[in-house]
Amino acid sequence: MKDLWKGILIACLLVASSCPVMGEVTKLTINSDSSWKCINFENEGWTSEDYDDSWWESAKTGYGNVIEESWNIGYPTEIVPKIVFYRKSFEIDGSDILNGVLYTGLYDDGGNIELYVNDQRVGDVTAKTREPEQIDITSFLHPGTNVFAAKVSIVDNWGWALTSAIRYDKET
């Protein structure tokens, strides 16, 4: 009987040690705020992770918000271009992306947003309602440096906002 229990214990240990162990699940939230960069003309490669946006201006935050916990952002000058390009780089210091969701919306009824994640176009948003649109971005994310980019055409300088929730397994 003792040998039977010993065999069962060894079998349980073998099964337990062969199962992958999940590390700490981390949630990363990215919101539209003044840390976003913007420019009023298109540059080649502006949607990619390795593009240098250090010379771009910081976006200006507005009052009110289309999406809770995110500021409406706009171009930082009084004269507002018809089309503005925005980007935000961020790091995922994890090994496995579990899921990523992006919410974005326009306050301006005449606007349009082209959204990119890591140089891939993930969707277009128009202001048909005042409700934010939800886009699954899980397959576009990867460990390391990532970038959100948006080509925004609006009439009102305070007309758009974005928030995202990304869950990943943090490297241990």
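Along the sequence shown, the residues carry numbers beginning at 1.
Of the inter-residue distances, the one linking Ser164 atom OG with Ile30 atom CD1 reads 5.0 Å to the nearest 0.5 angstrom. Atoms CG and CG, on Asp124 and Leu115 in that order, are 7.5 Å from each other to the nearest 0.5 Å. In this structure, Leu162 CG and Lys88 NZ are separated by 11.0 Å, a value rounded to the nearest 0.5 Å. Interatomic distance, Leu102 CG to Thr104 OG1, rounded to the nearest 0.5 Å: 6.0 Å.
Between Gly94 and Tyr168, the closest heavy-atom pair is CA-CD1, 3.5 Å. When every heavy atom of Leu141 is checked against every heavy atom of Gly100, the shortest pair comes out as CD1-CA, 4.1 Å. For Ala165 against Lys27, the heavy-atom pair with the smallest separation is CB-CE, 3.8 Å. Here the closest heavy-atom approach between residue Ala59 and residue Cys38 is recorded as CA-SG, 3.9 Å.
The side chain to side chain donor-acceptor pair (under 3.5 Å) search around Gln134 returns none, not counting sequence neighbours. Scanning for side chain to side chain contact (heavy atoms under 4.5 Å, CB included) contacts around Thr138 gives Ile97, Asn99, Asp136, with sequence neighbours left out. Annotation: side chain to side chain donor-acceptor pair (under 3.5 Å) contacts of Ser48 (sequence neighbours excluded): Asp50. In terms of the ring pair (Phe, Tyr, Trp, His ring centres under 6.0 Å) criterion, Phe140 has no residue partners (sequence neighbours excluded). Residues passing the salt bridge (Lys or Arg N to Asp or Glu O under 4.0 Å) test with Arg167, sequence neighbours excluded: none. Residues meeting the ring pair (Phe, Tyr, Trp, His ring centres under 6.0 Å) test with Trp46, sequence neighbours left out: Phe85, Tyr116. By the side chain to side chain contact (heavy atoms under 4.5 Å, CB included) test, Asp33 is found to be paired with Ser35, Trp36, Trp71, residues two or more places apart in sequence or in another chain being considered. Applying the side chain to side chain contact (heavy atoms under 4.5 Å, CB included) rule to Ser34 yields the partners Thr61; only residues at least two apart in sequence or on another chain are considered. Taking Asn43 as the reference, Tyr51 meet the side chain to side chain donor-acceptor pair (under 3.5 Å) condition, with sequence neighbours excluded.
For Glu44, the CD atom sits in a loose shell: 12 or fewer heavy atoms of surrounding residues, nucleotides or ligands are nearer than 6.0 Å.
Proximity of Phe148 to Ile137: side-chain heavy atoms (C-beta onward) are separated by under 4.5 Å at one or more points. Side-chain contact between Ile83 and Asn40 is absent, with no heavy atoms from C-beta onward closer than 4.5 Å. With a 4.5 Å cut-off on side-chain heavy atoms, Ile92 and Ile166 count as touching. For the pair Ser89/Arg87, a side-chain contact is recorded, criterion being any heavy-atom separation below 4.5 Å from C-beta on.
Looking at Ser32, its side chain never comes within 3.5 Å of a backbone N or O of Ala161 through a donor-acceptor pair. Without hydrogens or angle criteria, Asn146 side chain to Gly144 main chain gives a donor-acceptor distance under 3.5 Å.
Hydrophobic clustering, with ILVMFWY side chains joined whenever heavy atoms are under 4.5 angstrom apart, keeps Ile113 apart from Ile39. Both Trp56 and Phe41 are part of a single hydrophobic cluster, where members link through side-chain heavy atoms under 4.5 Å apart.
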